[in-house]
A.B. asks: 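What follows is a structure written as C-alpha cells; I'll ask about it next.
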Protein chains: 2
Amino acid sequence: MHAYSGLNDADRRQIDTLLDQRRQVVPARRDVLGEGEVPRFVHVVLEGWGCRYRQMSDGRRQILSVILPGDVFDVTGQVAIRMDHAIGAITQMTVAEVSAEALHDLQLHVPAVAQAVRWNGHVTTATHREWIVSLGLRSARERIAQLFCEVYFRLNLIGLCPTQACEFPLTQADVADATGLTPVHVNRMVQEMRRDRLIEWAGKSLTILDLDALCEIAQFTPAYLHLEHAVPA
Amino acid sequence: MHAYSGLNDADRRQIDTLLDQRRQVVPARRDVLGEGEVPRFVHVVLEGWGCRYRQMSDGRRQILSVILPGDVFDVTGQVAIRMDHAIGAITQMTVAEVSAEALHDLQLHVPAVAQAVRWNGHVTTATHREWIVSLGLRSARERIAQLFCEVYFRLNLIGLCPTQACEFPLTQADVADATGLTPVHVNRMVQEMRRDRLIEWAGKSLTILDLDALCEIAQFTPAYLHLEHAVPA
DNA sequence: CGGAGCCTTGAGATTTATCAAGGGTAGTGG
DNA sequence: CCACTACCCTTGATAAATCTCAAGGCTCCG
C-alpha cells in the first residue's frame with residue numbers, strides 16, 4: 001500500500017494497524033488461495049511475488065497477472081464470491097489479511113484509502129486489458145518484451161528496481177504460462193533478446209539493457225498503470 | 001440494469017429517473033467514446049450491442065469485450081481517468097449517461113444499486129480474465145466457441161435469447177478481432193462448426209444447435225458470469 | 001555423489017497467417 | 001428496373017510462426 005497517494009501520519013498508523021492484525025507467510029510455489037475457495041479476507045501483499053492463474057484440467061496453466069508487493073486482491077466488497085482462479089506464490093510471500101468490514105470502515109473514514117482501493121481496481125482491470133491485447137495481437141517476442149516492461153515499471157514505482165537491474169523470480173516456464181507460449185519458444189526468444197543486447201537474464205536477476213528498444217518492440221506505453229495516481233509515499 | 005438483484009418499486013423509479021435524464025443514440029460502427037477521451041459520465045447501455053476495443057497504430061484491432069444491454073461502463077468512481085481503450089457501437093446503441101455524483105448518491109441510499117455496480121465490476125473483470133485464458137491457451141475453434149457461449153449465456157440472462165436462436169450482429173472480422181485470429185481463419189473454423197452442426201449463422205442471426213457440445217469444446221463454465229448474483233427483475 | 005529443477009538445442013509437425021482473387025447481397029442513384 | 005458500389009463472405013495456394021517431442025547439460029542442494 002506504500003505506493004498510494006497522499007496520506008497523513010494518523011492515516012498511515014491506522015493502515016499499519018490494520019495490516020498488522022493478521023498475516024500469512026506462504027512458501028514459494030504454493031497457493032495463497034485456491035480456485036473455488038471463498039476468500040474470507042482482503043489480502044494485501046507485503047512482500048514477495050505471486051500471480052493469479054487458472055489451471056486447466058489437462059495441466060495447462062494460464063497466468064492472468066503478476067502480483068507484486070503493495071497489490072491488493074480479493075476486494076469482494078462484502079460479497080462471498082467463489083474464486084474463479086487461484087492466487088499462487090512465486091517466491092515466498094507475506095500477505096496481510098484484512099477483514100472486509102474493517103477495510104470498509106477505514107475507507108469511509110480515510111478517503112485516501114477508498115481512493116487507493118479504487119485505484120487498485122482500475123489498474124488491475126486495465127492490466128488485464130493490456131494482457132488481452134498482448135495475447136490477441138502481439139508476436140511472441142513482443143509479448144515477452146511487454147511482460148518485462150510491465151514488471152519493470154511496476155517494480156520501479158514501488159521502489160524495488162531503482163536501477164536497470166531487478167529481481168525477476170519467474171522461470172521461463174512461468175513466462176510461457178503468462179504469454180501463452182511454450183517454454184521452448186520462450187527460451188529461443190529470450191536468447192534472441194539477449195543476443196540483441198536488450199536484456200540480461202540469469203538466475204533470478206533481470207537487467208534491462210535497452211528499455212527504449214524494449215518498449216518500442218512491445219509498443220509499451222505505461223499509461224494503463226496510471227502511475228500518475230500513485231504518488232510514492 | 002434490469003437484470004440486477006432485488007429492487008423495490010421506489011428504488012426502481014429512482015433508477016429510471018436517473019437513466020432518463022440524459023441519453024445518447026450512437027449509430028452502428030461509430031464510437032461511443034474514443035481512446036484518450038476523459039468520460040464525463042457513467043454509461044448504461046439501454047439498447048444495442050457494442051464493444052471495448054483497442055486500436056493499434058498499424059490498423060490491427062483487438063476487441064476487449066462485448067457490451068450488451070444492461071452493461072455499465074466508465075464507473076471511474078469520481079476520478080477523471082483517460083480512456084486507454086475505446087467503446088464502439090456494433091449496432092445502433094442507446095446509452096444513458098449518468099453523472100458520477102448522482103450514481104454515487106443513489107448507491108448510498110439504495111444498497112441494491114451499490115451491489116449492482118459492484119457486481120458489474122466483478123463480472124467485467126472476471127470476463128477479462130476469461131478472455132486472457134481463451135487467448136492464452138485455447139485453439140482457434142475453442143476461442144470462437146467460447147465467444148459464442150459467453151454471448152449466448154449473457155443474452156439469455158437479460159432475456160434477449162429465450163430460444164436457441166439469437167441476434168448476433170458481429171461480422172466475422174469482428175470475431176477475428178475478438179479472438180486474435182485472422183478473418184480468413186475465423187471463416188474456415190465457422191464453416192467447420194456449421195458442418196459439425198454446432199451452429200447456424202447467417203446474416204445477423206445465430207442459432208446454437210448444440211450448446212452442450214459447444215460448451216465442451218470451449219471448456220466453457222459460466223461461473224465467471226456469476227449469474228447467481230444477477231436475479232432477473 | 002545423486003537428484004531435481006531449469007535451461008538449451010535440434011528436427012519435424014501443425015496451426016495459423018498472408019496474399020490474392022472471386023462471388024453474393026443489399027443498398028443507391030440514374 | 002438496371003447498374004454500380006460497398007461490404008461481407010468464401011476459396012485456394014503458399015509462407016511463417018509456433019508447437020511437439022526428444023534428448024542433453026548445467027547448477028544447486030541434500
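Below, all heavy atoms of this structure are taken into account, side chains as well, without hydrogens, waters or symmetry copies. Every chain is numbered from 1, with letters handed out A, B, ... down the list of sequences.
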A.B. asks: Tell me the interatomic distance from B/Lys204, atom NZ, to C/dG27, atom C1', rounded to whole angstroms.
C.D. replies: 13 Å
A.B. asks: For A/Arg54, check salt bridge (Lys or Arg N to Asp or Glu O under 4.0 Å) against everything at least two apart and list the hits.
C.D. replies: A/Glu35, B/Glu130
A.B. asks: When the distance from CZ of B/Arg138 to P of C/dT15 is rounded to whole Å, what number comes out?
C.D. replies: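 Roughly 18 Å, once rounded to whole Å.
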A.B. asks: Take atom CG of A/Asp174 and atom C1' of C/dG5, then tell me their distance rounded to the nearest Å.
C.D. replies: 12 Å
A.B. asks: Checking A/Gln219 now: which residues fulfil side chain to side chain donor-acceptor pair (under 3.5 Å) with it, not counting sequence neighbours?
C.D. replies: none
A.B. asks: Using whole Å, what does the distance between atom P of nucleotide D/dT18 and atom CG of B/Leu137 come to?
C.D. replies: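 Checked: the CG to P distance equals 16 Å.
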A.B. asks: Return the set of residues passing side chain to side chain contact (heavy atoms under 4.5 Å, CB included) with B/Arg188 (not counting sequence neighbours), or none when no residue passes.
C.D. replies: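 So B/Arg188 forms a side chain to side chain contact (heavy atoms under 4.5 Å, CB included) with B/Val184.
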A.B. asks: End-to-end bend of the helix from C/dC1-D/dG30 to C/dG30-D/dC1 (five-pair axes, 10° rounding)?
C.D. replies: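 It works out to 30° between the end axes.
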A.B. asks: Between residues 140-152 of chain B and DNA chain D, which residues have a heavy-atom gap below 4.0 Å?
C.D. replies: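 Per residue number, the list is empty: none.
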A.B. asks: Does B/Leu209 have any side chain to side chain contact (heavy atoms under 4.5 Å, CB included) partners at least two apart in sequence or in another chain, and if so, which?
C.D. replies: B/Arg197, B/Glu200, B/Thr207
A.B. asks: With sequence neighbours left out, write down each residue that passes side chain to side chain donor-acceptor pair (under 3.5 Å) with B/Arg61, or none if nothing qualifies.
C.D. replies: B/Asp174, B/Asp177
A.B. asks: Please give, in whole Å, the distance from C/dC6 P to A/Phe168 CZ?
C.D. replies: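 Answer to the nearest Å: 14 Å.
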A.B. asks: Checking B/Glu167 now: which residues fulfil side chain to side chain contact (heavy atoms under 4.5 Å, CB included) with it, not counting sequence neighbours?
C.D. replies: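 Here the qualifying residues are B/Trp49, B/Thr91, B/Pro169.
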A.B. asks: Just jot down the side chain to side chain contact (heavy atoms under 4.5 Å, CB included) partners of B/Arg30, sequence neighbours excluded, or say none.
C.D. replies: B/Val26, B/Pro27
A.B. asks: Has B/Arg141 got a side-chain atom pairing as donor or acceptor with B/Met189's backbone, closer than 3.5 angstrom?
C.D. replies: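 No, the answer is negative, given that no donor and acceptor are paired below the 3.5 Å cut-off.
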A.B. asks: Rounded to the nearest angstrom, tell me the gap between atom NE2 in B/His185 and atom P in C/dT18.
C.D. replies: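 So the two atoms are 12 Å apart, to the nearest Å.
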A.B. asks: Quick one: which residue pairs count as a salt bridge (charged side-chain N to carboxylate O under 4.0 Å, His left out) with a foot in residues 85-97 of chain B, not counting sequence neighbours?
C.D. replies: B/Arg22-B/Glu97
A.B. asks: Describe, in one word, how the ring planes of A/Phe168 and A/Phe148 are oriented to each other, choosing from parallel (under 30°), tilted (30 to 60°) and perpendicular (over 60°).
C.D. replies: perpendicular
A.B. asks: Going 5' to 3' along nucleotides 5-16 of chain D, which nucleotides have protein heavy atoms under 4.0 Å from the base (write B), which only from the sugar-phosphate (write S), and which from neither (write -)?
C.D. replies: ---SSBBBB---
A.B. asks: List for me each residue that meets side chain to side chain donor-acceptor pair (under 3.5 Å) alongside A/Tyr53, sequence neighbours excluded, and say none if there are none.
C.D. replies: A/Asp31
